[in-house]
Chemist: 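A single structure is presented below for examination.
Only a predicted model underlies this, so the values are computations on that prediction, with no experimental measurement involved. In this chain, residues are counted from 1 in sequence order. Counting starts at 1 for both ligands and their atoms, following the listed order.
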Amino acid sequence: MLIPDPPRRRRGKARARLMLAAVAALGLFSGASLAAQNLQLHYDAPANTFNEALPLGNGRMGVMVYGGVQQARYSLSEISMFSGSRYDGADRKEAVNYLPKIRQLLLQGRNVEAEQLTNQHFTWSGEGANAHYGTYQGLGTLTLDFAANAAPVSDYRRRLDIPSATSDVRYAQDGVRYRREMFVSAPDQVMVLHLSADRAGALNFVARLDRAERASVEGDGANGLLMRGELDSGGSGKGLAFAARVRVIAPGASMHADAHGIRVEHGTDVTVLISEATDYDGFAGRHTTDPVAASATDLQRVASRSVAQLHAAHVADFSSWFDRFSLQLGSVDNTRETMSMRARLDTYGASGDPGFAALYFQYARYLLISSSRPGGLPANLQGLWAEGTSTPWNGDYHTNVNIEMNYWPAEPTGLGELVQPLFALTASLQQPGAKTAQRYYGARGWVVHTLTNLWGFTAPGAEASWGVWQGAPAWLSFHIWDHYRYTGDRDFLRRYYPVLRGAAQFYADVLIEEPSHHWLVTAPSSSPENTVYMENGGKAAIVMGPTMDEELIRFLFGAVIEASQTLHVDADFRRELEAKRARLAPIQIGPDGRIQEYLKPYREVEVHHRHVSHLWALFPGNQIDLAKTPKLAAAAARSLDVRGDDSTGWSEAYKVNLWAHLGDGNRALHLLNVLFKPASRDTRLGHEWAGTYPNLFNAGPPFQIDGNFGATSGMVEMLMQSEPGQLDLLPALPDAWPQGEVRGLHARGGFVIDMRWAKGKLVEASVRSLRGGDCKVRYGKRQVLLSTKAGQTYKLQPADFL
Ligand code: FUC
C-alpha cells in the first residue's frame, strides 16, 4: 500500500483534536499547527471523461487515470509531443514595407483601414496541427482490459493523494479486493502502475497501447510493448519522433506479448512500467536523437528496483517541492473532506467550505510541480495533459495572459525554481524573435506576438484582431525580473539581462510619437483581443498605444534601467531608456471614471470582454496601488464593475487577483466562488460554462490550466502582497475565512512568512529573512519596520504594529 487511508474520524473526536491543536498553537511555529486538512480528491465511480480523470505527471510525462473496473484507461502524454517544425516563412519578407503606411493611417485616426492593411500584410495565417505551427497532442493510450466478470462491484474508490502525488483505485468483486496505484517519477523518469489482488492469481488482463494515427505498436519480448511514430512536420522535413514502452513484471503469472498487447494470466502482484521519449531538440528538455533507445534505457535503469523503492524516491522528490508551503483555511470538516469530489463541488456554494479553497490551492501547486520542472518545457495551456491528436488552441503558449498566469503562484508559494522553463522559453525566442523584429519592424532586439510554440514561432498571429499585439516581450521579461526580485540572485540577472535588454531595444526602436500629447506609443498593436468603435465609424482592434502596452513598457524600461545600474553596463542605452520612459503615455482615467483602455475613451464593442489587460498595472504590474494612487485604484474598481464578474475561467481567476489588490476580500472570494461552480452541462443551454470540472481542472471552458493557477495566485494575493522591502499581511481577507494558518509564503525581497489568524484578525506572524535587509511589514493601516539579518526569523504580534 503506497498511500495511507484518510483518517476515519468521528465528529466528536475531530472536535477534541482541534481543541488540543488550538491550545498547542499558542506556542505558534514551534511545531504546532491547526489540525491538517485532508489533501485528497476522491470519487465513488470511475471517470467517463478527461475532465473526471485524475492527472499525474513529473514535468515531462503525464497520465490521466480513468479507473474503470472492466477496462482501465490511462491517457499518456509527453510535454514535447508537438507536431510541426521550425519554419522561416512566417517572417514575411515584405511586412516591414507596409509598416509606415499602417502607422500613418493610425496617426490619422483611420484605424479601420490600418487594420485591413495589417490583416493583409502583417499577419501570418499558418497555424494548426498539419501546418508548420503544429499542435500539442496526446502520446497515446494504455488500456487494460480485464477478463469478463459479471459479479457486482462494491467498495469502489478512486483517489488522488496530493502530498504523495499518487493515485489509487480500489474495489471488491467476487470476494476479491483489487487495488491499482500509480505515480510518475521525476527522479527515475518512469511511470509506475502497481496492481494487486488479495486472492492469488486473480489478475487477468490484456494491456494494449494505442494511438489514433502515426504510430505502430509491436511486442517487445514476452512482457513488453513498444510504440513508435513520427508526428506531422507540417512541411517537407522530418516531424517529431516519439516512442513509448510498456514493461509488465508479474511474478508467477504467464505472459505473452505481440502487436495486439500483453496478455497477463494469473497475476497477483503486477507492476507495469511505462517510459516515453521524443527527439525534441529544442531550447530545453531532453536531447536525444533516438527515442526508441532512450525509452529502453529508462526502463533498464529501474529494472532492479522495487515499487516501494521507486515510490520512496518519488515521494522524497515530490515532497521536497510540495512541503515548502502549507495552508489551512477554517477548521477540519470531516463531513466535507470525506465527500466524493463531485458531491463536494455540487454542494460547495451552499456549504461555506473554506477547506475546499485550501485544497484547490494545494492542487494548483501539485499541478505545477507535475507539469513544469527545471530543464524541461513550460506548462502549456493544458499543463502537460492531453488526449487525442488535437488540443484546443493547439495547446500552445499564448502570451497575452495564459502562460504568464500559469506561473503566477510559483514564486510566492516556494516554487520559484519551477519557473525556469518559462525563462528558457523566453530566452529561446531571442534568435527567431530578432528576425521577426527585423522583418516586421526593422527594429533591434527581439519580439514575440500573441502565440508561440515549440518551434520558435514569433510572428504575428493569423488575424490582426488578436494576433498583432506587442506587449509579450515585456510581460515575459516581467517574470525574469520578478525572479530576481524574489531571489536577489545577481548571477541569474547577469545571465538573463540580454533577454531583458533585447526586449527593451525592440520597444526603444518601435515607439512612435502620437500627435495629441506627443507621447511615445506602440503601433500597430491592440489591447488583447478587444475591439472598439471608432470615433469616425466602424470597429477596430488595431490601435496605437493601448494602455497595457504603455504599462508594460514602463515596467520593462524601469527594470532594464535598474538592472544595467546593478550590473554596471550599458550606460548609454540606460540614458536612452530614461528619456523614452519619461515620454510614455500615463495611465488615464476616462470620462466614465474607468481606467481608459486606450489612448482615447473608445467605446468597446463587447462591454463584458474577458480580457482586463489595461488593469495589468494593478496586478501584476503594481503601478496602481490603493495607498499610493487611490484615484487610479478607484477607477480600476469601476472598470471591473463594468466588465462584470462572469467570464471565461482564466478571466474570473484574474479578477480574484485584481480585487485582492483593491483590498476587497469579499469580492475576491465571490469571484472564487463563481469559479468553483461545477462546469456542468446545462440541459437547457446544452453547453458547459466557466467553472470547475469534477477533477478540479478549470473550465474556460474548455479545460485550460491557467484558471487553476490564476485562482490560486488570487488566494495568495488575498493573504499577502509584496514588493521588495515591503509586505502586507492579510490585505484582503474575506469574512468567510475568519480562521486560518499559512506557512511558507515567499515575499519579494527575500522573506518567508508564516502566520495565523483567528476571528478575522492576525494572531501572530513570523518573518524569516533569507538575505537580510529592511522590510516594512504592514497589517491594515499599521506597520512595523524590521531591520533583518540573513537567516534570522522575526516574530510579530498584532501589538508590534504601530
Ligand atoms: C486567450 C483568450 C482565450 C483563450 C486563449 C487560449 O487568447 O482570449 O479566451 O483563453 O487565450
Chemist: Below 4.0 angstrom, N of the basic side chain to O of the carboxylate: do E115 and K539 qualify?
Modeler: no

Chemist: Does a side-chain N-to-carboxylate-O contact under 4.0 Å join R638 and D592?
Modeler: no

Chemist: Heavy-atom contacts with ligand 1 below 4.0 Å: which residues, ordered by chain and residue number?
Modeler: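 Contacting ligand 1 under 4.0 Å are L381, W393, H398, N400, N402, E529, R610, H611, W650, Q704.
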
Chemist: Compute the ring centroids of F423 and H483, then answer whether they are less than 6.0 Å apart.
Modeler: yes

Chemist: Can we call the ring centroids of F122 and Y98 under 6.0 Å apart?
Modeler: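 No, the ring centres sit 6.0 Å or more apart.
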
Chemist: Using ring centroids (six-membered ring only for Trp), state whether W408 and Y654 fall under 6.0 Å.
Modeler: yes

Chemist: Would a line drawn from the ring center of F478 to the ring center of F555 be shorter than 6.0 Å?
Modeler: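 They qualify: ring centres under 6.0 Å apart.
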
